[in-house]
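Everything on this sheet refers to the single structure shown next.
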Amino acid sequence: MGNDKAGKGRVTIREVAERAGVSTATASRALSGNHPVPPTTRARVLRAARDLDYVANAHARALVGGGRKTVAVVVRQVTSPFYAQVAEGVEAEAADRGWLCVVGTTGGDPQREMEFVQLMREEGARLVILVGGVVEDDAYRSRVTHYAQALDASGARLVLCGRPAPDPEIPALVVEFDNEAGARAITGHLLSAGHRRIVFLGGLPGNTALDARVAGYRAALAEHRVPAADARVVDCGLGRAAGLRAMTELLKETRDFTAVVAGDDMVAAGALRAIADAGLRVPEDISVVGYNDIPLAEDFNPPLTTVRTPAEELGRAAVRIALRDPDQAAGSHHVLGTHIVVRGSVSHPPS
């Protein structure tokens with residue numbers, strides 16, 4: 001997957017021809033597929049193009065001269081309210097500027113992500129925006145570095161939205177919100193209401209977004225002098241089903257807690273269901289808070305106190321900042337704030 005030309009600028013048809021040992025005209029004919037070229041020559045040219053990571057696509061070649069104004073947004077799933085809102089923000093900002101927006105989903109599969117990014121590169125997308133927290137391992141760092149360099153060599157830009165850059169030196173723009181501060185504030189809200197036995201439900205070790213939320217939860221406990229040993233993180237991941245299953249199991253094991261910080265609003269939804277199924281009430285018996293403030297959060301029973309993340313603004317900002325100053329956008333980092341929305345799911349702990 002390496003690209004020895006990435007970071008040195010666009011790979012030209014002349015470089016492909018030199019590597020293949022043919023004339024520029026022959027290389028062009030072999031890559032276009034519209035002219036008769038001996039099969040062995042074509043194979044040699046295609047291999048050279050692949051080795052050099054040359055984008056042999058008319059739209060991508062037209063990028064410097066204008067190309068189609070397309071932005072691609074890549075999300076794990078479109079059924080998640082958070083991802084949908086970010087994608088809506090990208091689409092709205094793109095539409096305001098007369099650009100087209102393409103949405104791709106990966107289901108969390110790195111191979112699908114890689115194929116979609118490459119397709120968008122070949123189709124000449126000017127911006128490719130990857131959305132959401134990830135497990136930041138060596139494979140992720142290698143993959144994203146490759147994306148950033150390959151897109152940059154094609155005259156395009158990579159934007160990491162709600163996830164970190166593996167290296168500040170790569171040509172990528174990062175736009176995210178302060179996950180840790182949001183979790184610290186919402187946990188502090190529970191502590192201020194008198195809670196001391198608070199569970200974090202929805203950890204996913206290694207996931208950048210959730211690790212930051214767990215860190216915020218622990219920081220708030222420390223600020224209120226709650227012993228670190230009293231912190232409890234349930235690693236169940238995200239989603240309503242995960243929240244329902246984990247809370248059901250937790251209530252069977254112990255009721256020695258009075259409040260729950262959910263990893264996101266959908267985990268909170270599952271927790272609310274499990275608490276009701278156990279014959280308990282929110283907030284009279286257990287207080288519950290969420291994260292993201294999805295549109296349905298105020299319709300939960302009871303309406304959910306949560307952290308409002310600027311999901312749509314995150315998508316808009318990703319496009320706006322990348323286009324505002326392309327030269328400065330590479331390698332830059334922008335953090336948006338969060339705030340608490342207080343509703344009916346928190347009260348003082350039961351006496």
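Here, residue 1 is the first one in the sequence, and each next residue gets the next number.
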When you compare the side chains of His195 and Ser287, does any donor N or O come within less than 3.5 Å of an acceptor on the partner?
yes

Taking side chain to side chain donor-acceptor pair (under 3.5 Å) as the test, write out the residues that go with Asp277, two or more places apart.
Arg273

Say whether, by atom type as modelled, one donor and one acceptor occur between the side chain of Ser345 and the main chain of Val288 under 3.5 angstrom.
yes

Got a donor-acceptor contact below 3.5 angstrom from the Asp285 side chain to the Leu280 backbone?
no

Is it the case that the side chains of Thr12 and Glu15 hold a donor-acceptor pair, with the cut-off being a distance below 3.5 Å and no angle test?
yes

Going by atom types only, do His334 and Glu176 share a side-chain donor-acceptor pair under 3.5 Å?
no

Using side-chain hydrogen bond (donor to acceptor under 3.5 Å, both in side chains) as the criterion, point out the one residue from Asn292, Thr309, Thr306 that pairs with Asp265.
Thr306

Checking side-chain hydrogen bond (donor to acceptor under 3.5 Å, both in side chains) for the pair Ser142/Thr145: CA distance, chi angles, key distance, verdict?
CA-CA 5 Å; Ser142 171; Thr145 298; over 6 Å; no

Short question: side chain of Arg112, backbone of Thr106 - any donor-acceptor pair under 3.5 Å?
yes

Test your reading of the model: is there a side-chain donor-acceptor pair from Ser332 to the backbone of Leu173, 3.5 Å cut-off?
no

Using side-chain contact (heavy atoms from CB on, under 4.5 Å), reason through His333 and Val175 one step at a time and then give a plain yes or no.
CA-CA 6 Å; His333 190 174; Val175 182; over 6 Å; no

Are Tyr147 and Glu113 linked by a side-chain donor-acceptor pair shorter than 3.5 Å?
yes

